[in-house]
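This report refers to the structure that appears directly beneath it.
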Amino acid sequence: MGAGKSKFYLALEGLAQKKDDVAMQDSEYWSSLIPVAALTEEAVQVDIMNFCRGVEGTQSMLSTFKENNLKNLHSFVRQLVLRLSAASKVVLSSNTDRIQLHNVIILLTYLIPFLYEDDNLEESLWKGPTPVGVVINFKRFTSTKEEVSGSGNVPLIQTLLSALLDLSFCPHFTIPPTKDKDATAHTIDAAQYIWSKGIQCPKTLSSTSVMYKHRASVTRLLLVSLSTTLYTQPGNLYARKNERMRFLTGGYHAKSFPLYLSMLNTFLGYDPVGYGMPYGHKLVPDMESELLAQVCGQLVSLFTDFWPEDKQFAPELSEQPRPPLEPWKAGVNKMSNWICNLQGEEDLEYIAMNIARLLESELAATWLPDSQKHVNLHSELIIFLWRVTESNSIFREYLLRSKYLLAIIGPLLHHLHEERLEASSTGLERIGIYLLLLLSTERNFAVRLNNNFEPSFRLGVPGFHGSYGDLLLQIVHVVLTSPNKGLMDLYSHAITIIVNVSPYLKAISLVAANKLVHLFEIFSSPRFLFASSSNHFLVFHLLEAFNNMIQYQFEGNQQLVYVMIRRRAVFKKLVMISAPNLEDAAPLDIVYDPSATTDTKSASKPSSGQAKIKSSLGPLEGHEHFSTTHTKTSFIPTQQWLESWRSKLPLLPIQIMLDVLVPNVEKLCADKSKTVSETEILEFLKKGTLVGLLPVPDPIRIRKYQWVPSSSKWFMLYFWSLVFLKHIEPPVFGLSAVKLFHYERVQY
C-alpha cells in the first residue's frame with residue numbers, strides 16, 4: 001500500500017508518527033519536507049486528502065498528529081507560513097526558489113480548509129504567536145534570523161496575511177524584475193506596480209503566463225485564509241470578530257489597497273475573447289488569467305462588502321437604527337470608503353463599461369460556432385455592481401444617464417430568469433431584485449425602460465419582443481411564480497419595483513399586460529389573501545401600479561386596458577370577496593402553489609456539474625414574508641380584519657375606466673355584423689380617452705430601497721456558497737467538512 005504514496009506523503013507520515021517534538025530551529029529537517037520539484041495541484045489534493053481523511057480505511061495522519069504530538073502539526077504549519085514570510089524578504093532570482101515557494105502556497109491552499117474544521121486550532125495555532133529567530137532554508141539561499149524575526153506577539157494568521165500581501169508584488173514571482181535588483185516583495189512600493197490598467201493605472205504591467213499563475217495562486221490562498229465562515233454554524237455566524245478582514249481592509253498593511261486596486265482592475269479588465277478576435281481564446285489559452293479574474297472578483301466583493309462591527313453590536317443584529325460608532329472603535333474599511341467616494345468620470349465609466357462588456361460577452365451569440373469564450377463571472381459582476389451602486393450615489397447617477405445602463409439590465413434580467421429555480425442561486429436572485437429596486441427609485445431608470453429591447457444574446461424568454469419594461473414585467477412574473485420557496489420573501493420587493501416604475505411605463509405589450517393582471521389574480525385570490533395578515537398589502541401595491549398606468553400613461557397603454565377589460569371579473573371578485581364564518585375558522589391549511597399556473601423548466605444543473613447546495617438559504621430574517629407554503633399558519637382571518645382594509649382599496653380609477661369603456665367595447669362588438677378582431681378593439685381603445693372622468697391622481701410615490709443589518713447574514717451565506725461552488729474543481733473546499741450549509745455531490 002505504501003508503494004502508491006508520494007514522497008511528500010511519506011515524509012508527513014513520518015512526522016505524524018514522531019512522539020518527540022521536532023524543534024522549530026531544525027531547519028534541515030523541515031526543509032526536507034518541502035518538495036523541490038514542482039507539485040501539481042492534483043497530486044497535492046490527493047496527498048492532503050489522504051493525510052486528513054486516511055487511506056483505504058486507515059486512521060488519518062491528522063488524527064495521528066493529534067494523538068501523538070499536536071505540537072509537531074503546529075510546527076509544520078508554522079514552518080510553511082514562515083517560508084512565505086521569508087520569501088517576501090529576499091530576492092527570488094532562482095527558478096528553484098520560485099518553484100519551492102509555489103509548492104508551499106499550493107500545500108497551504110489545500111491544507112488550511114481541513115485545519116479550519118477544528119475550532120480549537122483557531123486559538124492554539126492561528127491566533128498563537130509567530131515563532132521568531134527561526135532559520136528558513138530554501139534551495140539556493142538561507143535567510144538570516146533577522147529576516148524572520150519579529151516582536152513575538154504577531155498572530156500566525158497575521159503573518160500569513162502579511163506575507164500574501166507582500167508576495168502579491170514579488171519581483172520575479174508575481175511582477176516583473178524591477179530596476180532595483182535588491183528590491184524584495186517586502187520593501188517594494190506596490191503602488192507603482194498595479195497589475196492591470198484601469199482605475200489609477202494608465203497601463204498594464206508587463207507579465208508572463210507564469211506570473212498570472214502565481215497571482216492566481218496567491219490570491220486564492222488569500223481567499224482560503226478568509227474562509228473561516230464556511231466552517232461556522234449559521235447560528236454562530238456573528239459570534240466571532242472577523243479579525244482577518246479587519247486587518248486586510250483597515251489599512252494596517254501598506255500593500256492592502258494596491259492589491260485591492262490590482263484585483264479590481266484585473267477583474268473588470270479581463271478579456272475572455274482573446275485579443276478581440278474570434279477564436280482568440282483558442283490561440284492564446286488563458287486558464288490562469290480566467291482563474292485570476294474569478295478569484296479577484298470574489299475578493300473584491302468580499303472586501304467591498306465588509307464593514308467592521310463594534311463587539312457590543314456584532315453578536316446580535318437588529319432592525320433598529322444603531323448609534324453611530326467612532327472609527328477607532330468600529331474600525332474602517334478603506335476599500336469601501338474609497339468605492340463610496342469614487343467620483344472621476346473616467347473611473348465611473350471604466351466600471352460601468354466593463355461590467356456591461358463582461359455581462360454581454362458571457363451571453364453573446366456568434367455566427368462562428370464556439371468562436372467566443374463564455375466565462376462564468378456574472379455572479380461576481382452583479383454582486384459588485386449592487387454594492388457600488390448602493391454605496392456610491394455619484395456612480396448611480398452616472399449609470400442612470402449612461403449608455404451602459406440598458407446593456408447591463410438585459411443580462412441581469414436574463415440571469416434572474418435562468419437561475420430562479422436554483423436553490424444555490426437564491427442569493428443572486430435577491431441581489432438582482434435589490435439592485436432593480438434600488439434603480440427603480442430613480443425616474444430616469446423607469447423612463448429608459450420604454451426603450452425597445454434589442455438583445456445581442458439569446459434571451460431565455462422564448463419569442464420575446466417588446467421594451468425593457470415589458471421584459472421586466474415578464475421576468476418579475478416568472479420569478480414570483482417560481483416554486484423556489486427561498487424567493488417568497490421577495491414578493492414585496494418585486495412588486496415595489498413594478499409600483500415604482502409604473503407611472504412612466506408606456507405602451508406595455510399584450511403579453512406583459514397579461515402577466516401583470518395574472519399576478520394580481522394570484523395575490524387577490526382568497527387562498528393567498530387569507531394566508532397572512534399582511535398579504536393584502538401586495539394587492540394595494542398592484543392596484544396602485546394599475547392606477548398609475550391608467551392615470552399617467554393611459555394614452556399608449558391600450559393593451560393593458562384591453563386585458564383589464566377582458567379580465568374585469570378579477571377586479572370584481574376582489575370587491576365581492578367574503579369569507580363567511582371567519583370568526584369560527586381554524587388556521588388555514590395553505591396549499592396554493594402559484595407556479596401551477598406558469599410553465600417552468602426543470603432545475604438546471606449546478607455550474608460545477610459535480611456539487612450543489614442542498615439546503616435553501618431560506619427567507620430573510622427580520623423581513624416580512626408572505627407565506628404560501630404547504631404548512632399550517634397561525635393566522636386566523638376575521639370579518640373585522642377583512643373590512644378594515646377592503647373598504648380602503650384604491651379601486652375607483654379602475655371602476656370608472658371599466659364603467660366607461662366596457663359598454664363602449666360591447667357596443668362596438670354588437671354593431672359589427674361579424675366577429676370583431678383584437679386589433680380592431682385595440683385601435684378603438686387607442687382613440688378613446690378618459691380625460692375629465694378619472695379622479696385627480698395622487699402624487700407619484702416612490703418607495704425607497706433601504707439595506708438593513710439582518711440582510712448581511714444571508715449575503716454571507718450566499719457569497720460563501722458561491723465561492724464553494726466556483727472552487728469545486730479542483731475541490732479546494734469540497735472535501736472538507738463545511739458547517740455553513742449542507743451540500744451533496746451529484747453525478748451527471
Any sub-3.5 Å donor-acceptor pair from [X]'s side-chain atoms to [Y]'s backbone N or O?
{"X": "R420", "Y": "T481", "answer": "no"}
{"X": "N333", "Y": "F303", "answer": "yes"}
{"X": "T496", "Y": "A494", "answer": "no"}
{"X": "K515", "Y": "L510", "answer": "no"}
{"X": "N557", "Y": "A507", "answer": "yes"}
{"X": "T204", "Y": "K197", "answer": "yes"}
{"X": "T389", "Y": "W386", "answer": "no"}
{"X": "S467", "Y": "D470", "answer": "yes"}
{"X": "N547", "Y": "L543", "answer": "yes"}
{"X": "S721", "Y": "Y718", "answer": "yes"}

Can you confirm whether [X] sits close enough to [Y] that some side-chain heavy atom of one is under 4.5 Å from a side-chain heavy atom of the other?
{"X": "L399", "Y": "I408", "value": "yes"}
{"X": "Y212", "Y": "T208", "value": "no"}
{"X": "I700", "Y": "R443", "value": "no"}
{"X": "I550", "Y": "M564", "value": "yes"}
{"X": "N451", "Y": "R448", "value": "yes"}
{"X": "F445", "Y": "N500", "value": "no"}
{"X": "D189", "Y": "F169", "value": "no"}
{"X": "E678", "Y": "Y562", "value": "yes"}

Subject >> NZ/NE/NH1/NH2 to OD/OE distance under 4.0 Å, K686 and E555 >> reply: no

Original post:
Is a salt bridge present between R701 and E544, judged by a nitrogen-to-oxygen distance below 4.0 Å?
Top reply: yes

Side-chain donor-acceptor pair present, [X], [Y], cut-off under 3.5 Å:
{"X": "R215", "Y": "S207", "answer": "yes"}
{"X": "T304", "Y": "Y260", "answer": "yes"}
{"X": "E419", "Y": "H414", "answer": "no"}
{"X": "Y404", "Y": "E349", "answer": "yes"}
{"X": "H727", "Y": "Q298", "answer": "yes"}
{"X": "N548", "Y": "S502", "answer": "yes"}

**OP:** Would you please classify the geometry between the F520 ring and the F546 ring as parallel, tilted or perpendicular, with 30° and 60° separating the classes?
**Re:** perpendicular

**OP:** Quick one: sort the F267 and F384 rings into parallel, tilted or perpendicular, breaks at 30° and 60°.
**Re:** perpendicular

Original post:
Is the CZ atom of R396 crowded by more than 12 outside heavy atoms at less than 6.0 Å?
Top reply: yes

**OP:** Go through the steps for R401 and E345 under the test salt bridge (Lys or Arg N to Asp or Glu O under 4.0 Å), then give the verdict.
**Re:** CA-CA 12 Å; R401 68 174 187 270; E345 188 85 4; 3.5 Å; yes

Original post:
What's the shortest heavy-atom distance between A407 and A356, and which atoms?
Top reply: CB-CB, 4.0 Å

Original post:
Cation over ring, R357 on Y270, under 6.0 Å and within 45°?
Top reply: no

Subject >> Set of ring pair (Phe, Tyr, Trp, His ring centres under 6.0 Å) partners for F453, sequence neighbours left out >> reply: F464, Y468

